[in-house]
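These notes are about the structure you will find just below.
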Amino acid sequence: ECVTGEFGHVYEQQYAVALFNSVRFEIEGGGAPQSQLLHRKNPLEDRSIFSGGLFQYLEENKRWRNRFVFVADTYNISFYENKMAHERSLRPKGTINCAGYKALTSMEEYLELISTSLPGIKAKVGSGQFVKCATQFPLILWHPYARHHYFCVLTEKEQKKWHAVLQDCVRHSNNGLSEECRVQTPAFTDAMRLHRQAQGHYGTWDMMCGGPPQILANLVMETLHPELRNLIGPRLKGKIQQRQRNWMLISEAVYKQVLSQTQAQYEALVQACEVQTSRLDTVLRTDMDQIITSKEHVSGKIRALVLPRAGQLLRGSVQPFLSSILEALMEPTSRGFSEVRDVFFRELVEVSKNTLNGGGKDKLAEHMEKISMLAFHPVKMQSCYEKVEQLNLEGLQQRFDVSSPSVFIQRAQILMREQMDNAVYTFEHLLHQSLEGKVQGGEDLCKTIHCCQDRVLKKYDYDSSTVRKKFFKEALLQIIIPYMLKQLSPSFHLDLPRFQELIFEDFSQFILVENVFEEVVLQSVTKDIMMAVKDAAVQKKHNLYRDSMILTNSDPNLHLLGENPSVDWATQFRGGNEEPEGALGGGGQSSRRRRQVVSMIQLDEMGPLPYESCLEVPGVDFIPEEGEIEEVEVKAQEPKEQKTPTEPDSPDSVQEICYHSKPVVEMMVSASEEDFAVLTNGTGTLKDGKEEEVTLITTVVEEMHRKSPQEVNEQLVETGSPYQEAEGGLQEKGEPAIEGKGEEDEAAIKNAIQEIEIAVQEEDGERITECVVDSDAELAPPLVDSSPSGHDDGGFQPPTNEALNEGKAQPILDALKTEDTVVDPGEVVVVLEPGDTALHNE
């Protein structure tokens, strides 16, 4: 309450000053250069950023569970029990506002950060961590005060994509102060800066992220957190990991309570200030000239006092370092903006290629749907962001009291995303205007695309130069002004209050001496900063335009297009009947579909992840690896029935290659249409008498024309000669023959012949089963329609062989002869007609 009370008093003073500056800017106007690219007001309307499955660690029961994670256009992360719960608009299990967080991808980084949470305690990797990651690819959201969130995925590809998404959520959430609020935002930032300066904290602040209530909570925790740590830390008992965990739970509980209080207090503060807005605005518009005159008079007095000392400090401690600071800022930032241009160019080249290959307007509309959200695609923009992340102010941070370059990195990344979206939005409108009402072929479409592309790139180069120069100036001011204020404030702290007497009491709430003092210091260094940036623009390596090069009215009708709504490519060029790719039901919007910026993560040859129903994930050993998941999915997708291919395909699979490279024995038998049998005894006998293991059986069904009984008898007689030849051949090779046929054999043979003759007269057709034996492939599963009571050998052996050993291959006897002879299996043709129940049962 003490911190928020002091801040509230400063905020009320700065609110009147910010209102004065806003009204003055409205009356006098500004001279900022006009943007060449169009700006989209609400680019993420009816869009979602990303969604997918993640394993989340639950601290309540210390288990990992699969959650469906949804990232809306607000960049808040919501996780549900499963995808169906999200589609039904159920309440999420939890929601994360990523402001102030860091997205980590290794336990080493995480342990290094939490080791500073308690003094004198430093945990090592693998030394009994209180969070044991279930996979090798963790994703951790770390916050200095709030709750930590632990996720993991199965593959590195998923980890990279999710890490890019989480970083984008952090980047967007940190930029929580809206620039469109021309009174509240300046009042809040100035009040926060003056309050921290009064506490002796100058320079940038890493926790200046999120919305005003979150920043206020961070301000409170900046003082409260060390006090609690010194008070509670020594009293914590247990092992290192347990003490760290208990301290994080305490910190989280305190931060939640502080955040709830700052939320209520800030809302009450803003409401109290807005009540006075109408009265203050009336006074400002009535006495604006007198207020400006009074301020200029006070500024002149303060300038005369401060400038000599400020000039000396500027020449001795700032000017020698200006060029090095600017170079450290410009090099990575220019590379990042150049990468934005290259990414945009590559996407348009890809569109031109696909259009030239005969895609037409339908294919063009499909690609434009994806390109329209290119700026908000964290994976595609990652290469641009990585260029800026190389920004390093090492050697200058301590001198100018810069905590870290993260503030400048995130600001540059936000500007890069805005410029990319402006370029895409401008290209969309130019292309739509060129295609409207025209019928063009592939080559004409490519010419139109190239023409629009060149126009947009020229505009992007100019706007990029303008935005970067503005960014460099602001960054230099953020680095140098706090340093100069820190050096000058002690010298003039006692002299400044006497200047308040020069201000009329009616205008005293709009003119504050502290603000005038900072403006004087700012003016003293602005000239040097402008000259440094101007000199840098001459260097070609940074691709900056000179200030003298101003594009005015280069495309006077372009900004009229910006008033039109965004182009709906799917509706105008694709009929609007197709569901957009990645469409997901938005939370609370059951009747509308939200198109997703980033496509769902679908790993190669992988279907839905296991544990989709939010089953408990017990540990590392029970989470399948990528190869295991692929094997499970392949088995699940195998068809229950195999169909005969119409045309032979190329031998791409392992089984097809083995089919063409290994010996194959084909056995043609006829079977009933309802009951099919397959060889499953595991062996087969080739012509040379060697036994070959049966590893793959393929069943092919074909229809045969009906034969008369006479044709069947003639066929049986004609097959006698091959049987005798086979018998002689096998006996010469020394193959053993099975002897001792009894009356049971003869009865079975007669019974089989009678049933064959009866079955021929029936109307049912015959089918032939061709069994292809492969020596290297695996046994195929039996057909669904196969008889469950069939014997392991498929029912092709007579009842006399029932008692023989099934583990060995048995020779085939000439059952139609009177004596026992051995027959070559490659020459056997057995015809089974429907109704042959005796053989079928065997």
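What you see is a predicted model; the values in this text were computed from it and never measured.
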Provide the closest heavy-atom pair for [X] versus [Y] in the form atom of the first, atom of the second, distance.
X    : Y    : value
Y75  : F376 : OH-CD2, 3.5 Å
G336 : V388 : CA-CG2, 4.0 Å
L307 : S524 : CD2-CB, 3.7 Å
S299 : V516 : OG-CG1, 3.4 Å
A99  : S173 : N-CB, 3.4 Å
M484 : A310 : CE-O, 3.8 Å

Inset, instruction - Test N175 against Q410 for side chain to side chain donor-acceptor pair (under 3.5 Å), laying out the working first. - result: CA-CA 8 Å; N175 190 37; Q410 291 188 5; over 6 Å; no

State, with a plain yes or no, whether a side-chain heavy atom of [X] is found less than 4.5 Å away from one of [Y].
X    : Y    : result
E26  : R285 : yes
C98  : I77  : yes
L38  : E428 : no
M192 : L216 : yes
Q319 : D528 : yes
L269 : E12  : yes
Y425 : H39  : no
S334 : R468 : yes

What pairs with [X] under side chain to side chain donor-acceptor pair (under 3.5 Å), at least two apart in sequence or on another chain?
X    : answer
E514 : none
S404 : D206, S406
E347 : none
E474 : none

Legend entry - Residues that C209 engages under side-chain contact (heavy atoms from CB on, under 4.5 Å), provided they are two or more places apart: N174, M207, N218

[Y]/[X] salt bridge by N-O under 4.0 Å criterion:
X    : Y    : value
R335 : E339 : no
E45  : R40  : no
K459 : D463 : no
R411 : E179 : yes

Quick check for you: to the nearest 0.5 Å, what is the distance between [X] atom [atom1] and [Y] atom [atom2]?
X    : Y    : atom1 : atom2 : value
M420 : Y460 : CE    : OH    : 7.0 Å
D421 : L44  : CG    : CG    : 8.0 Å
L219 : R196 : CG    : CZ    : 7.5 Å
H367 : L348 : NE2   : CG    : 11.5 Å
L393 : I479 : CG    : CD1   : 5.0 Å
R303 : E296 : CZ    : CD    : 7.0 Å

Given 3.5 Å as the limit, does a donor-acceptor pair link the side chain of [X] with the main chain of [Y], or not?
X    : Y    : value
S294 : Q290 : no
E386 : S383 : no
S465 : Y462 : no
T189 : P186 : yes
N515 : I511 : no

Inset, instruction - Establish, for the pair R171 and Y385, whether the NZ or CZ atom is under 6.0 angstrom from the six-membered ring centre and no further than 45 degrees off its axis. - result: yes

Legend entry - Audit row: D190, R193, salt bridge (charged side-chain N to carboxylate O under 4.0 Å, His left out) steps and yes/no: CA-CA 5 Å; D190 291 343; R193 186 186 69 254; 2.9 Å; yes

Legend entry - Chi angles and distances behind the side chain to side chain donor-acceptor pair (under 3.5 Å) call for E274, Q184: CA-CA 10 Å; E274 288 180 347; Q184 292 184 9; 2.8 Å; yes

Inset, instruction - Given side chain to side chain contact (heavy atoms under 4.5 Å, CB included), test K295 with I291 step by step and report yes or no. - result: CA-CA 6 Å; K295 182 180 179 181; I291 296 174; 5.5 Å; no

Without placing hydrogens or testing angles, list every side-chain donor-acceptor pair under 3.5 Å for residues 320-329, not counting sequence neighbours.
residue, atom, partner, partner atom, Å
S324, OG, F321, O, 2.9
E327, OE2, K541, NZ, 3.2

Legend entry - Between F188 and F7, ring centroids under 6.0 Å: yes

Inset, instruction - Please assess Q197 against E518 for the test side chain to side chain contact (heavy atoms under 4.5 Å, CB included), listing each intermediate value before the final yes or no. - result: CA-CA 12 Å; Q197 288 178 1; E518 289 190 355; 3.3 Å; yes

Inset, instruction - Run the numbers on S434 and C451 for side chain to side chain contact (heavy atoms under 4.5 Å, CB included), then give the verdict. - result: CA-CA 10 Å; S434 302; C451 180; over 6 Å; no

Inset, instruction - Assess whether atom CZ of R182 is packed by more than 12 heavy atoms of other residues, nucleotides or ligands within 6.0 Å. - result: no

Inset, instruction - Would you please test T185 and E180 for side chain to side chain contact (heavy atoms under 4.5 Å, CB included) and show each step? - result: CA-CA 8 Å; T185 298; E180 297 179 358; over 6 Å; no

Inset, instruction - If the plane angle is over 60° it's perpendicular, under 30° parallel, otherwise tilted; pick one for Y11 and Y15. - result: tilted

Inset, instruction - Just say parallel, tilted or perpendicular for the rings of F510 and F20, cut-offs at 30° and 60°. - result: tilted

Legend entry - Among H172, K102, E389, side-chain contact (heavy atoms from CB on, under 4.5 Å) partner for Q167: E389

